[in-house]
Every structure is written in C-alpha cells, then in structure tokens.
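Values reported hereafter were calculated over all heavy atoms of this structure, with side chains retained and with hydrogens, waters and symmetry mates removed. This is a predicted model, so every value here is computed, not measured.
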Amino acid sequence: FKQKTAYEIMPSLVGSEMCIRDRAVLVLLVLAGVLLFQFLVMPSSTIRITPYAEYVPIDVTVRIDPDAGSIDLVRGIVPAKVMEASVGDVLTKPTTGRRREAETTATGFVTIRNRTRKILTLPIGSRVRSAGDVGFLTDAEILIPPSLQLGGRDVPGEAIVAVTAESPGLLGNAPALSISSVDGSLGSSLDAFNPQPLQGGSEREVALVTQRDLDELHGLLFERLQSAAIERLRRERLPNEMLVVWSPAAGNPQVLERVFSASLDERASTVALNMDIRARGTAFSTSDLKAVLSLSLIHISEPTRLGMI
C-alpha cells in the first residue's frame, strides 16, 4: 500500500472542479433566460384589495330642549335657545284686471210736441226716453204752445229743449228719431223726437285689482321676507351653534301685518303690499350634540364588542 501525497491527489481533482463550475454557470444562465422571457412575454396583473365596509343604521334619541339649563349626557338632553327675527318690506306690482267703464255723457236736442189745445209747461229734469228705454233729462223748463187747426187738421205746437243722457257711456249716443215719448203725467199729452243724433257719450278702459294680483303679491313678498328672516337668524347664531328653523306646520313664519293699498275690484293701475313677518328657530351647541351622540354610540357598541369576544 502506497499512500498518495497531496500533490498527487490535487491534479486528479482539477477536471472535476471545472466541470462543476461550468454546470453552475449554465444553470444560472438558463434561469435568467426563463425569468427574462416571463418578464418580456408573459402578461402581468395587479391585484387590489379593498376592505369590505357595511353601513349599519343606528337609532339614537336626542332631545333638544330650550328649557334645559345644561347638557345631560345620560338622558341625551342638549340645551337650546329659541331665536326669532322680524322683517318687513313693501312690494308693488301692476294690476292685471281690465274693464270698460262709461266716461262722458251724451247730449243733444229734442223736439217736444203738444197735442192739446192749451199751453203746457214741461219742468226741468223731465224724462224722455228712446224705444230701447234709454232715458234723457231736459236741461231747462219750457212752454209748449197748443196745437192749432190749420186747413181742417190739427198742427201740434212744438218746442225744442236740450237734454242730457241719464247715464254716461255709449248708450246715450241715441240715433236720430230714436227718442219717442215723454214720461210722467204729461206723457199722454206730449210727444218727443230727436231730429239729430245725440252725441258725446264715451267709455274708457280702466285697470282693476284682481284676486290673482293680491295672491301673487302676497306670495312674492312672503317668500322674500321668509328668506330674509331665516338669513338673519343664521347670522345671529353663534359660530359653534346649529340652527333648526321651525316648520310651517308650527305657524312659521308668522305674518304680523299685511296691508294692501287697494282692495279687490278697485280701480288702480298698481297695487302695493306692506307686510311684516316673524320667523323662529331653535339653536343649540354642536359640541353638546357631539358629546351626547358619542356617549350613545359607546353604549350601543359595547354589547357588540362583548358578543365578538
């Protein structure tokens, strides 16, 4: 048995060591090629994880009490104060109603005939009328001569008198020969006629106040004053206060005064409304409300945590 020296052993290992090193390099190159291929060719994806959230409704009773002197966390009472603001204004709008009304009165002349054989006196203000029963009044007292017999026939005596229509307007414009009779006790003895038409009666269009005008004016001014009163309440509250305006069901805002310049169907080209109102609301501290809610949520969540344990 001959023992090999170290020099004799080492040369025999040189080939094996080189072979192992070559294989390791080859494996690393193959692995790097596979990774490069996956990076360049294979598709990539991103996974996003979103936590699941669920909203659970919770009923919490809080009492806003203007009569409470201080906050009560146990009973959930928040002290508050009642605020009010009064405002007023005047608003004017044109009226929309229209109606034609008589303006001037017709005048003219009427011939009165006396069928009797004696002189008759027709007093001032005597009424003569047309076939359509439109009346006219005489402007002066007149004497009507008696009828005369000429050539075997009676010729009635005549007198002319100025007349004025009883009522102004177009009805007094009587056409020629439309007036035919005299009213009163002398009607059986006298006749009347107008040789010329009566003229001068006229009418005009006038503006009227309608219910729509009053309602629209009230609605517009009420809405404007309501907004102004609520805005004043918000300006007067403290920075850390929350304001709850009272509902219309509670009579808010309240109309203190309402005066129209013209009434329904009154002749007017414009109508104005003077109105004063008062709005109310309840103000309370937001920090007091948060304190009550926080304590209530803690009491509600404690049973849930115990159940999870």
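- Looking at E101 and R99, their side chains come closer than 4.5 Å, going by heavy atoms from C-beta outward.
- For R235, the CZ atom counts as densely surrounded, since its 6.0 Å shell holds more than 12 non-hydrogen atoms of other residues, nucleotides or ligands.
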Should T286 and N240 be marked as a side-chain hydrogen bond (donor to acceptor under 3.5 Å, both in side chains) after you check the CA-CA gap, both sets of side-chain angles, and the distance that decides it? CA-CA 6 Å; T286 55; N240 64 333; 5.6 Å; no
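- Note that the CD1 atom of I230 and the CG atom of N252 stand 7.0 Å from one another [nearest 0.5 Å].
- Judged by distance alone, with hydrogens and angles left aside, the side-chain atoms of S263 form no donor-acceptor pair with the main-chain N or O of E266 at under 3.5 Å.
- Remark: D276 engages no residue in a side chain to side chain donor-acceptor pair (under 3.5 Å) (not counting sequence neighbours).
- Pairs engaging residues 214-234 under the salt bridge (charged side-chain N to carboxylate O under 4.0 Å, His left out) rule: K93-E216, R212-E216 [sequence neighbours left out].
- Note: L293 CG to D288 CG = 11.0 Å, rounded to the nearest 0.5 Å.
- Shown here for S202 and L170, the closest heavy-atom pair between the two residues is CA-CD2, 3.9 Å.
- Two residues are said to be in side-chain contact when any heavy atoms from C-beta on lie closer than 4.5 Å; F222 and R258 fail this criterion.
- V78 has its side chain within reach of V62: a pair of non-hydrogen atoms, C-beta onward, lies under 4.5 Å apart.
- Proximity of V163 to F109: side-chain heavy atoms (C-beta onward) are nowhere separated by under 4.5 Å.
- Between the side chain of N173 and the backbone N or O of G201 there is at least one donor-acceptor pair closer than 3.5 Å.
- For the atom pair CZ (R237) and CE (M83), the distance works out to 8.5 Å, reported to the nearest 0.5 Å.
- In terms of hydrophobic clustering, with Ile, Leu, Val, Met, Phe, Trp and Tyr side chains grouped at heavy-atom distances under 4.5 Å, L190 and I142 are assigned to a common cluster.
- Using a 4.5 Å heavy-atom cutoff, the side chains of I144 and I119 are not in contact.
- The shortest heavy-atom contact between F136 and G172 is CE2-O, 3.4 Å.
- Residues L233 and I277 fall into different hydrophobic clusters, defined by Ile, Leu, Val, Met, Phe, Trp and Tyr side chains chained together at heavy-atom separations under 4.5 Å.
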Please assess V182 against D191 for the test side-chain contact (heavy atoms from CB on, under 4.5 Å), listing each intermediate value before the final yes or no. CA-CA 6 Å; V182 177; D191 293 327; over 6 Å; no
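- A salt bridge links D154 with R117; the closest basic N to acidic carboxylate O contact falls under 4.0 Å.
- Listed by chain and residue number, nothing satisfies the side chain to side chain donor-acceptor pair (under 3.5 Å) test with S167 (two or more places apart in sequence, or in another chain).
- A 4.5 Å side-chain heavy-atom check between W246 and V82 finds at least one atom pair inside the cut-off.
- Remark: side-chain polar atoms of S126 are not paired, donor with acceptor, to backbone N or O of L122 under 3.5 angstrom.
- Using modelled atom types, one side-chain atom of T104 and one backbone atom of G200 make a donor-acceptor pair closer than 3.5 Å.
- By the rule that hydrophobic residues join a cluster once side-chain heavy atoms approach within less than 4.5 Å of another member, V90 and L225 end up as members of separate clusters.
- The two residues P195 and A176 make their nearest non-hydrogen contact at O-CB, 3.4 Å.
- Residue I77 comes nearest to A68 through the heavy atom pair CG2-CB, 3.7 Å, listed as atom of the first residue, atom of the second, then distance.
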Do T116 and S189 pass the side-chain hydrogen bond (donor to acceptor under 3.5 Å, both in side chains) test, and can you show the C-alpha distance, the side-chain angles, and the key distance before you say yes or no? CA-CA 6 Å; T116 69; S189 303; 5.4 Å; no
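- Under a hydrophobic clustering in which Ile, Leu, Val, Met, Phe, Trp and Tyr are joined whenever their side-chain heavy atoms come within less than 4.5 Å, directly or via other members, L186 and V161 fall into the same cluster.
- For the side chain to side chain donor-acceptor pair (under 3.5 Å) test, no residue two or more places apart in sequence or in another chain qualifies with S130.
- Taking the charged nitrogens against the carboxylate oxygens, E241 and K81 do have a contact shorter than 4.0 Å, which makes a salt bridge.
- N194 places no side-chain N or O within donor-acceptor distance of the main-chain N or O of V110, the cut-off being under 3.5 Å.
- Not a single donor-acceptor pair under 3.5 Å links the side chain of S294 to the backbone N or O of A291.
- Here D183 pairs with R127 in a salt bridge; the nearest charged N to carboxylate O distance falls below 4.0 Å.
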Between L120 and L143, is a side-chain contact (heavy atoms from CB on, under 4.5 Å) present by the stated rule, with each step listed? CA-CA 6 Å; L120 296 178; L143 296 174; over 6 Å; no
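- Remark: the backbone N or O of P145 is paired with a side-chain donor or acceptor of N114 at under 3.5 angstrom.
- Within a 6.0 Å radius of CD in Q196, no more than 12 heavy atoms belonging to other residues, nucleotides or ligands are found.
- Atom-to-atom distance recorded for L256:CG and S86:OG is 5.5 Å, nearest 0.5 angstrom.
- Annotation: ring-ring contact (aromatic ring centres under 6.0 Å, His included) contacts of F260 (sequence neighbours excluded): none.
- Counting heavy atoms from C-beta outward, V271 and L214 have side chains that approach closer than 4.5 Å.
- Considering all non-hydrogen atoms of both residues, K118 and P146 come closest at N-CB, 3.3 Å.
- Contact of the V128 side chain with the I112 side chain is registered, since non-hydrogen atoms from C-beta on lie closer than 4.5 Å.
- Atom CG in L217 sits 11.0 Å away from atom OG1 in T95 (nearest 0.5 Å).
- To the nearest 0.5 Å, the span separating CG on L273 from OG1 on T92 amounts to 9.0 Å.
- The two atoms that bring T210 and L264 nearest to each other are C-CD1, 3.5 Å, heavy atoms only.
- Sorted by first and then second residue, the side-chain hydrogen bond (donor to acceptor under 3.5 Å, both in side chains) pairs with a member in residues 131-145 read D139-T164; sequence neighbours excluded.
- By the rule that hydrophobic residues join a cluster once side-chain heavy atoms approach within less than 4.5 Å of another member, V255 and L91 end up as members of one cluster.
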